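Report on the following structure.
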Number of protein chains: 2
Amino acid sequence: MGIQSTMKALSDPIRREILEHLKTGRHSAGEISDKFTISGPAISKHLSILKEADLLRDAREGKFIYYELNASVLEEVMLWIASLKGEST
Amino acid sequence: MGIQSTMKALSDPIRREILEHLKTGRHSAGEISDKFTISGPAISKHLSILKEADLLRDAREGKFIYYELNASVLEEVMLWIASLKGEST
DNA sequence: TATTCATTTAACCATTTGGTTAAATATAAA
DNA sequence: TTTATATTTAACCAAATGGTTAAATGAATA
């Protein structure tokens with residue numbers, strides 16, 4: 001956790017796309033995977049990195065694992081950037 | 001350029017520290033380097049990555065090369081995050 | 001219970017990353 | 001013009017990253 005894992009997670013374009021996709025609501029791993037051309041396992045790894053960074057939450061429902069965005073940790077990044085820009089927040 | 005090079009540049013803790021240091025004003029490569037335990041060439045590489053991402057600007061003055069923060073490109077990151085958080089900006 | 005479906009984990013591989021030391025470049029100073 | 005100083009570039013290396021395919025796991029269905 002911390003800003004490092006957040007920034008690292010956000011540094012990959014596919015992971016950012018996954019987050020953007022989850023803006024529309026919760027989706028299963030398979031649904032997410034379908035949006036990309038890379039393999040399921042590759043997506044699964046990306047999901048676990050995002051989850052580790054607490055950028056998303058997962059919940060199993062039967063055969064499916066649903067992922068949903070947790071944007072709250074992005075607040076820390078916002079504050080860091082704002083401070084760099086010399087904003088009083 | 002683009003959000004990808006910005007995010008990639010920001011994903012390294014030393015590069016973020018360099019930017020934080022430059023919040024206090026312009027500093028020469030040597031002054032920046034003195035703040036860290038890694039070698040000068042390593043810092044030089046970090047500086048070139050930050051410069052490539054347009055996060056800082058450089059200006060030679062005699063023997064010295066001064067670096068200064070360019071926070072303007074961070075606006076794009078702010079907007080991206082805000083949009084993910086479902087903010088109207 | 002055996003099979004199928006959804007997903008992750010394991011093992012592996014090529015490329016990228018971030019560091020090192022040594023050499024090159026640019027400018028100032030002796 | 002030689003020497004010293006500031007910085008980058010080159011060459012190299014170990015570790016991390018992001019992908020692959022094959023195997024394992026979890027849960028539903030036949």
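The shown structure was predicted, so the numbers you read here are calculated from the model rather than taken from an experiment. To find a chain, count down the sequence lines: A is the first, B the second, and so on, and within it residues start at 1.
Between B/Arg57 and B/Asp54, the closest side-chain pair of non-hydrogen atoms falls below 4.5 Å. Considering only heavy atoms from C-beta on, B/Leu84 comes within 4.5 Å of A/Lys23 through its side chain. Between A/Trp80 and A/Met7 the shortest side-chain heavy-atom distance does not fall below 4.5 Å.
In this structure, B/Gln4 atom CD and C/dT16 atom P are separated by 13 Å, rounded to whole Å. Taking atom CG of residue B/Asp58 and atom P of nucleotide D/dT9, one finds them 10 Å apart after rounding to whole Å. One atom, NZ of B/Lys45, and another, C1' of C/dT21, lie 12 Å apart when rounded to the nearest Å. Rounded to an integer number of Å, the gap from B/Leu56 CG to D/dT8 P is 11 Å. Regarding B/Leu47, its CG atom lies at a distance of 10 Å from the P atom of D/dT7, rounded to whole Å.
Comment: B/Glu20 does not engage B/Lys35 in a salt bridge, judged by the lack of any side-chain N to carboxylate O separation of less than 4.0 angstrom.
Contact between the side-chain N/O atoms of A/His46 and the OP1/OP2 oxygens of D/dT17 is not found at any separation under 4.0 Å.
Within a 6.0 Å radius of NZ in B/Lys51, other residues, nucleotides and ligands contribute 12 heavy atoms or fewer. Counting non-hydrogen atoms of neighbouring residues, nucleotides and ligands closer than 6.0 angstrom, the CD atom of B/Glu31 exceeds 12 such neighbours.
A/Ile49 and A/Leu56 fall into different hydrophobic clusters, where Ile, Leu, Val, Met, Phe, Trp and Tyr side chains are chained together by heavy-atom contacts under 4.5 Å.
A distance-only check finds no donor-acceptor pair linking the side chain of B/Arg15 to the backbone of B/Glu17 [under 3.5 Å].
Residues from residues 5-39 of chain B lying near DNA chain C, meaning a heavy-atom separation below 4.0 Å, are B/Lys8, B/Asp12, B/Ile14, B/Arg15, B/Ile38, B/Ser39 in numerical order. Shown for residues 59-71 of chain B: residues whose heavy atoms fall under 4.0 angstrom of DNA chain C, namely B/Arg60, B/Gly62, B/Lys63.
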